[in-house]
Amino acid sequence: MSRILIIGAGGVATVVAHKVATHPDVFTEVMIASRTQAKCDKIAEDVFKRTGQKFKTARVDADNVPALTQLLKEYQPVLVINVALPYQDLHIMDACLAAGVNYMDTANYEPLEEAKYEYGWQWAYHDRFKEAGLTAILGCGFDPGVTSIYTAHAAKHHFDEIHYLDIVDCNAGDHGKAFATNFNPEINIREITQRGKYWENGGWHETDPLSVHKALNYPRIGPKESYLMYHEELESLVKHYPTIKRARFWMTFGQEYLTHLRVIQNIGMASIEPVMYEGREIVPIQFLKAVLPNPGDLGENYKGFTSIGCRIRGIKDGKERTYYIFNNCSHEVAYRETGTQGVSYTTGVPATIGAMMFCKGLWKQPGVFNVEQFDPDPFMAELNKGGLPWEELFDIDLEL
């Protein structure tokens with residue numbers, strides 16, 4: 001029996017719920033829990049209408065470790081799928097340890113008071129999970145997640161040494177809004193506005209935010225201006241693949257989006273520092289989140305595709321080779337299947353597959369692990385079945 005608990009009730013949680021419902025042979029019982037139970041109830045009702053599967057729901061504040069621990073002890077899931085906010089990762093890991101439950105997330109921990117993320121905080125839990133005989137799987141979304149597994153697949157099957165890795169993330173979709181973010185606005189804007197960072201020749205190098213960019217061609221989409229950013233999977237990949245000489249992450253943004261973002265920054269609305277307003281303390285970016293479009297509501301009118309992948313250069317049998325592995329995902333197809341847009345879909349599907357890998361015993365080892373540390377083959381096979389088929393191109397111009 002594989003009883004699981006999904007923590008979160010946003011777009012990604014919606015996708016996970018719909019996808020686990022299609023595997024009743026693996027996930028025999030499911031509960032969705034978040035701070036707002038009505039959101040969980042809505043997801044459960046929609047899943048039942050589409051699949052006939054009945055899920056339980058609960059209200060829990062994931063920052064309240066004793067309350068979450070109590071819920072885990074009462075429900076006794078084998079695995080928590082954490083698709084809540086990155087701020088809550090450590091609290092949820094603490095509760096899992098206290099209740100004896102395995103853990104998985106899609107994004108690494110980020111402190112609420114600082115726009116910074118790194119795996120060090122979660123890697124520090126390794127010994128505690130190992131001693132408890134529990135598994136913690138980190139970063140099982142798309143990026144991080146699938147991009148890390150693409151890298152593991154390339155290292156296993158196509159390269160003796162990976163030397164250059166560029167992760168490229170293009171959203172060529174159009175949601176019809178003047179400005180909207182594709183996932184939690186607070187997290188999204190914090191991520192984009194921090195300094196860029198990349199790995200080269202054994203060390204990290206920083207850039208001004210979005211100052212390095214170039215046009216890249218994306219399959220069946222065409223050229224899109226792509227901006228160098230820091231992304232968390234770079235940290236784990238250069239650790240686990242020490243032959244990498246340079247690792248970078250690129251993401252596309254339209255000029256209208258960047259103009260709005262610049263204005264938001266210039267007027268102080270991207271700030272995470274509290275300010276006093278009419279006698280109460282508010283955080284500007286949290287207020288902004290409240291007035292921006294809800295990412296979960298974008299799907300209905302979203303057209304176009306995402307294209308995310310890895311462009312890799314290295315050595316095989318003494319010869320240099322290049323390799324590009326990617327997925328193109330349709331926003332419209334994602335909405336028809338799950339009622340969400342493609343960005344939520346590309347995160348929720350891998351989370352579901354990662355949970356399957358654990359429940360089948362394929363990714364199960366005491367301690368804290370990034371996804372590239374497990375066998376990529378069964379995961380890659382499920383991607384093709386689960387709605388995110390991958391494509392490969394060999395010995396081409398990587399443009400980077």
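Fair warning: this is a prediction, and the values are worked out from it, not measured in the lab. Throughout, residue positions are numbered sequentially from 1 according to the sequence presented.
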Is it the case that atom [atom1] in [X] sees more than 12 heavy atoms from other parts of the structure closer than 6.0 Å?
{"X": "Glu200", "atom1": "CD", "result": "yes"}
{"X": "Phe287", "atom1": "CZ", "result": "no"}
{"X": "Lys54", "atom1": "NZ", "result": "no"}
{"X": "Lys177", "atom1": "NZ", "result": "no"}

Would you say that [X] contacts [Y] through its side chain, given a criterion of any heavy-atom pair below 4.5 Å between the two side chains?
{"X": "Lys289", "Y": "Thr181", "result": "no"}
{"X": "Tyr150", "Y": "Ile167", "result": "no"}
{"X": "Ser226", "Y": "Val168", "result": "no"}
{"X": "Arg336", "Y": "Glu332", "result": "yes"}
{"X": "Arg190", "Y": "Glu110", "result": "yes"}
{"X": "Thr151", "Y": "Glu233", "result": "no"}
{"X": "Leu234", "Y": "Arg248", "result": "no"}
{"X": "His157", "Y": "Met380", "result": "no"}

Which residue is it: Thr135, Asn102, Leu97? I am looking for the one with a side-chain contact (heavy atoms from CB on, under 4.5 Å) to Phe129. Leu97
Which pair of heavy atoms, one from [X] and one from [Y], lies closest together, and at what distance?
{"X": "Cys96", "Y": "Leu134", "result": "O-CD1, 3.9 Å"}
{"X": "Ala172", "Y": "Lys224", "result": "CB-CE, 4.1 Å"}
{"X": "Asp89", "Y": "Ala107", "result": "OD2-O, 2.7 Å"}
{"X": "Trp250", "Y": "Leu228", "result": "CE3-N, 3.6 Å"}
{"X": "Ala33", "Y": "Val60", "result": "CB-CG1, 3.7 Å"}
{"X": "Thr340", "Y": "Gly11", "result": "CG2-O, 3.7 Å"}

Before you tell me yes or no, could you show the steps for Arg246 and Asn201 under side-chain contact (heavy atoms from CB on, under 4.5 Å), namely the whole-Å CA-CA distance, both residues' side-chain angles and the distance that decides it to 0.1 Å? CA-CA 6 Å; Arg246 187 186 67 207; Asn201 297 326; over 6 Å; no
Is it true that Glu399 and Lys214 make a salt bridge, defined as a side-chain N closer than 4.0 Å to a carboxylate O? no
Would a hydrophobic clustering, with Ile, Leu, Val, Met, Phe, Trp and Tyr connected at side-chain separations under 4.5 Å, put [X] with [Y]?
{"X": "Tyr241", "Y": "Phe374", "answer": "yes"}
{"X": "Trp123", "Y": "Met93", "answer": "yes"}
{"X": "Ile312", "Y": "Leu398", "answer": "no"}
{"X": "Val371", "Y": "Val15", "answer": "yes"}
{"X": "Val368", "Y": "Val78", "answer": "no"}

Working for side-chain contact (heavy atoms from CB on, under 4.5 Å), residues Glu382 and Thr352: CA-CA 10 Å; Glu382 287 296 335; Thr352 304; over 6 Å; no
Ignoring hydrogens and geometry, is there a side-chain-to-backbone donor-acceptor pair from [X] to [Y] under 3.5 Å?
{"X": "Glu161", "Y": "Thr243", "value": "no"}
{"X": "Arg321", "Y": "Ile315", "value": "no"}
{"X": "Thr28", "Y": "Ser2", "value": "yes"}
{"X": "Thr322", "Y": "Arg313", "value": "no"}
{"X": "Ser330", "Y": "Val333", "value": "yes"}
{"X": "Asp105", "Y": "Gly139", "value": "yes"}
{"X": "Thr306", "Y": "His331", "value": "no"}
{"X": "Thr347", "Y": "Gly141", "value": "no"}
{"X": "Gln373", "Y": "Asn370", "value": "yes"}
{"X": "Thr338", "Y": "Tyr335", "value": "no"}

For the residue pair [Y] / [X], report whether a side-chain donor-acceptor contact shorter than 3.5 Å exists.
{"X": "Tyr125", "Y": "Asp94", "result": "yes"}
{"X": "Glu372", "Y": "His240", "result": "yes"}
{"X": "Lys19", "Y": "Tyr345", "result": "yes"}

side-chain contact (heavy atoms from CB on, under 4.5 Å) evaluation trace for Phe55 with Val20: CA-CA 10 Å; Phe55 289 174; Val20 300; 3.8 Å; yes
Going through the checks in order, is the salt bridge (charged side-chain N to carboxylate O under 4.0 Å, His left out) test met by Lys197 and Glu118? CA-CA 12 Å; Lys197 190 166 70 169; Glu118 61 183 53; over 6 Å; no
Geometric cation-pi criterion, Arg311 with Tyr218: 6.0 Å, 45°: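 Satisfied, under 6.0 Å and within 45°.
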Sort and list the pairs that fulfil salt bridge (charged side-chain N to carboxylate O under 4.0 Å, His left out) and have at least one residue in residues 128-151, not counting sequence neighbours.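 Non-adjacent pairs meeting salt bridge (charged side-chain N to carboxylate O under 4.0 Å, His left out): zero.
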Give me each pair satisfying salt bridge (charged side-chain N to carboxylate O under 4.0 Å, His left out) with a member in residues 66-76, each pair once, sequence neighbours excluded. none
Begin from the C-alpha positions of Tyr198 and Tyr230 and carry the test ring-ring contact (aromatic ring centres under 6.0 Å, His included) through to its verdict. CA-CA 6 Å; Tyr198 64 97; Tyr230 177 64; over 10 Å; no
Results of side chain to side chain donor-acceptor pair (under 3.5 Å) for Asp46 - residues two or more places apart only: His18, Arg50
Side chain to side chain donor-acceptor pair (under 3.5 Å) partners of Thr57, counting only residues at least two apart: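 Checked Thr57 against side chain to side chain donor-acceptor pair (under 3.5 Å); matches are Gln37, Asp41.
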Anything under 30° is parallel, anything over 60° is perpendicular, the rest tilted; go ahead and classify Trp121 against Tyr109. perpendicular
Parallel, tilted or perpendicular: which describes the rings of Tyr324 and Phe326, with under 30° parallel and over 60° perpendicular? tilted
Got a sec, which hydrophobics cluster with Met276, joining ILVMFWY side chains under 4.5 Å apart, including via others?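 For Met276, no cluster forms, as it stays isolated from other hydrophobic side chains.
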Please collect all ring-ring contact (aromatic ring centres under 6.0 Å, His included) contacts where either partner lies in residues 379-400, sequence neighbours excluded, each pair once. His153-Trp390, His158-Phe394, Tyr323-Phe394, Trp363-Phe379
Would Lys42 and Glu45 count as a salt bridge (charged side-chain N to carboxylate O under 4.0 Å, His left out) if you check the C-alpha gap in whole Å, the side-chain angles of each, and the deciding distance to 0.1 Å? CA-CA 5 Å; Lys42 185 177 183 302; Glu45 289 168 9; over 6 Å; no
Go through Tyr257 and Ile192 one step at a time and tell me if the side-chain contact (heavy atoms from CB on, under 4.5 Å) criterion holds. CA-CA 11 Å; Tyr257 181 96; Ile192 293 166; 3.2 Å; yes
